[in-house]
2 protein chains.
Amino acid sequence: MERANFIGESIEYLHRYTMKSLQKQAEEHGVTIPQVRVIAEVFAHKTVSVKLLSQNLKMTQSTVSDIVERLVTKGFLEKTPNIRDKRLVDISLSERLDENIDESIAQIQNQSLIGVLDRLDAKEQEIVEQGMQVLVSAVKEKMIAEDMDDNKFFNILYFSERDEPKK
Amino acid sequence: MERANFIGESIEYLHRYTMKSLQKQAEEHGVTIPQVRVIAEVFAHKTVSVKLLSQNLKMTQSTVSDIVERLVTKGFLEKTPNIRDKRLVDISLSERLDENIDESIAQIQNQSLIGVLDRLDAKEQEIVEQGMQVLVSAVKEKMIAEDMDDNKFFNILYFSERDEPKK
DNA sequence: ACACGATGTATCGTACCCGATATATATCAT
DNA sequence: ATGATATATATCGGGTACGATACATCGTGT
């Protein structure tokens, strides 16, 4: 099916573009964009566990563990064992980072996409957003229908709260 | 900007979904999906260079070199130095693969996306396709406007011919 | 109190992906 | 012909990403 082909390529293209584009901004701070995403999430929570990060960022626990480890080495994050549950690790911003973080890092996120949308008029932006919504919804429905065992990561609350693990 | 946020997350989500979903099919053949993409491209050309693959697949030359190397090791591809230009390497399917390839591998590509689109009616599919078109066009325009030095890889003919390097 | 299953992290192996660099070959100017 | 430049590939280092596994800790049931 030609349409699926085009959409598949588009997704691949857009993904690479956003990654590459954001990377340039992140480099100036000496971090990568997955690292920025982790930092932003930690910043939003003040203190989080690896588990929570992996849920909110939709990465596996092992990936998050890796990234956090590098950020600790770089001195951006700090890990302290949780008192109440010694399995948990409390991840928080290092003091050094806790001040300079203002807009600089936390807002790198989708700077480039904003620049892209600026080139479109209101109507075109609507079209783009609607297309995304429809497609994402369809994907989510399909996953539910097929009962993918990735349910833990790719579940229905992906775009809902963005934060709460919802016990 | 909220809209940019949503779109950025959508792209990330769709990318991960398509990758994960396709991976399952590819696994049955003992390959990964980047490997499938390379194989399909070689299949379409009968014989190609690393350079051409990297242009058509929008991966860097080093990435393609890696993947080709693994496929050679697995016995799926063959490398023979080009006679007329000894810098070039001719990449082709191994004999073993040249027969069993029929539909099986070459069409793995976007099976899952088709399944997703099937859940949408004609009108919704239009919306999705249009949204992608508008967004991709805007991205391409922005890249031209900013004269990104990635021009060699991310250029205007991305979605045009899909094959020709266009000398 | 204790065994057992569930849960949270870290670690390992593999693949991908990129930029930078090295090497060999080709091409072009003189 | 020769030297400078350009091109094609391979290689290296580092970061991402995942599944599988190991390990410690928690909770529960008995």
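These numbers come from a predicted model, not from an experiment. So that the names make sense, note that chain A is the first sequence line, chain B the second, and so on, each numbered from 1.
Between B:Lys123 and B:Asp121 there is no salt bridge, since none of the side-chain N atoms of the basic residue sits less than 4.0 Å from a carboxylate O of the acidic one. Electrostatic pairing of B:Arg37 and B:Glu41 does not count as a salt bridge here, judged by no charged N lying under 4.0 Å from a carboxylate O. A salt bridge is absent between A:Glu78 and A:Arg96: the closest approach of a Lys/Arg side-chain nitrogen to an acidic carboxylate oxygen does not fall below 4.0 angstrom.
At least one side-chain heavy atom of A:Pro34 sits under 4.5 Å from a side-chain heavy atom of A:Met59. Using a 4.5 Å heavy-atom threshold, the side chains of A:Lys140 and B:Tyr13 count as touching.
Residue contacts shown for A:Gln23 are absent, as no nucleic acid heavy atom lies under 4.0 Å away. Contact annotation for A:Glu69: no contact, since no heavy-atom pair falls under 4.0 Å across all strands.
Shown here are the side chain to side chain contact (heavy atoms under 4.5 Å, CB included) partners of B:Lys79, two or more places apart in sequence or in another chain: B:Val68, B:Glu69, B:Val72, B:Val89, B:Ile91.
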Could you list the protein-to-nucleotides 3-5 of chain D atom pairs, N/O on both sides, closer than 3.5 Å?
none

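Of the residues in residues 74-89 of chain A, those with a non-hydrogen atom less than 4.0 angstrom from any atom of DNA chain C are A:Lys79, A:Arg87, A:Leu88, A:Val89.
Atom-to-atom, NZ of A:Lys24 to P of C:dC18 comes out at 13 Å; the value is rounded to the nearest Å. Separating the NZ atom of B:Lys51 from the P atom of C:dA24 is a distance of 20 Å, rounded to the nearest angstrom. At whole-Å resolution of the value, CG in A:Leu22 and P in D:dG15 are 18 Å apart. Rounded to whole Å, atom P of D:dT9 lies 16 Å from atom CE of B:Met59. Put simply, CG on A:Leu71 is 12 Å from C1' on D:dT16, counting in whole angstrom units. The CD atom of B:Glu12 sits 11 Å away from the C1' atom of D:dT16 (whole-angstrom rounding). Distance, A:Leu53 CG to C:dA10 C1': 15 Å, rounded to whole Å. The CE atom of B:Met19 sits 18 Å away from the P atom of D:dT16 (whole-angstrom rounding).
A donor-acceptor pair shorter than 3.5 Å cannot be found between the side chains of A:Gln35 and A:Arg70. Checking B:Thr63 against B:Thr60 by side-chain atom types alone, a donor-acceptor pair falls below 3.5 Å.
Using modelled atom types, one side-chain atom of B:Gln125 and one backbone atom of B:Leu117 make a donor-acceptor pair closer than 3.5 Å. The main-chain N or O of A:Leu14 is found under 3.5 Å from a side-chain atom of A:Thr18 such that the two form a donor-acceptor pair.
With hydrogens and angles left out, the side chain of B:Thr60 and the base of C:dG19 share no donor-acceptor pair within 3.5 Å.
Between A:Ser62 and B:Thr63, the residue anchored nearer the 5' end of DNA chain D, judged by the nucleotide with its closest heavy atom, is B:Thr63.
A:Gln61 has no side-chain polar atom (N or O) that falls below the 4.0 Å cut-off from OP1 or OP2 of D:dA17.
Of the candidates C:dC16, D:dT11, C:dG8, the closest approach to any side-chain atom of B:Pro34 belongs to C:dC16. In this structure, the nucleotide among D:dT16, D:dT9, D:dA17 sitting nearest to the side chain of B:Arg16 is D:dA17. Closest approach to the B:Arg70 side chain among C:dC16, C:dG8, D:dC18 is made by C:dC16 (side chain taken as heavy atoms from C-beta onward). Picking from C:dT9, C:dC16, C:dT11 the nucleotide with the shortest atom distance to the side chain of A:Asp66 gives C:dT11.
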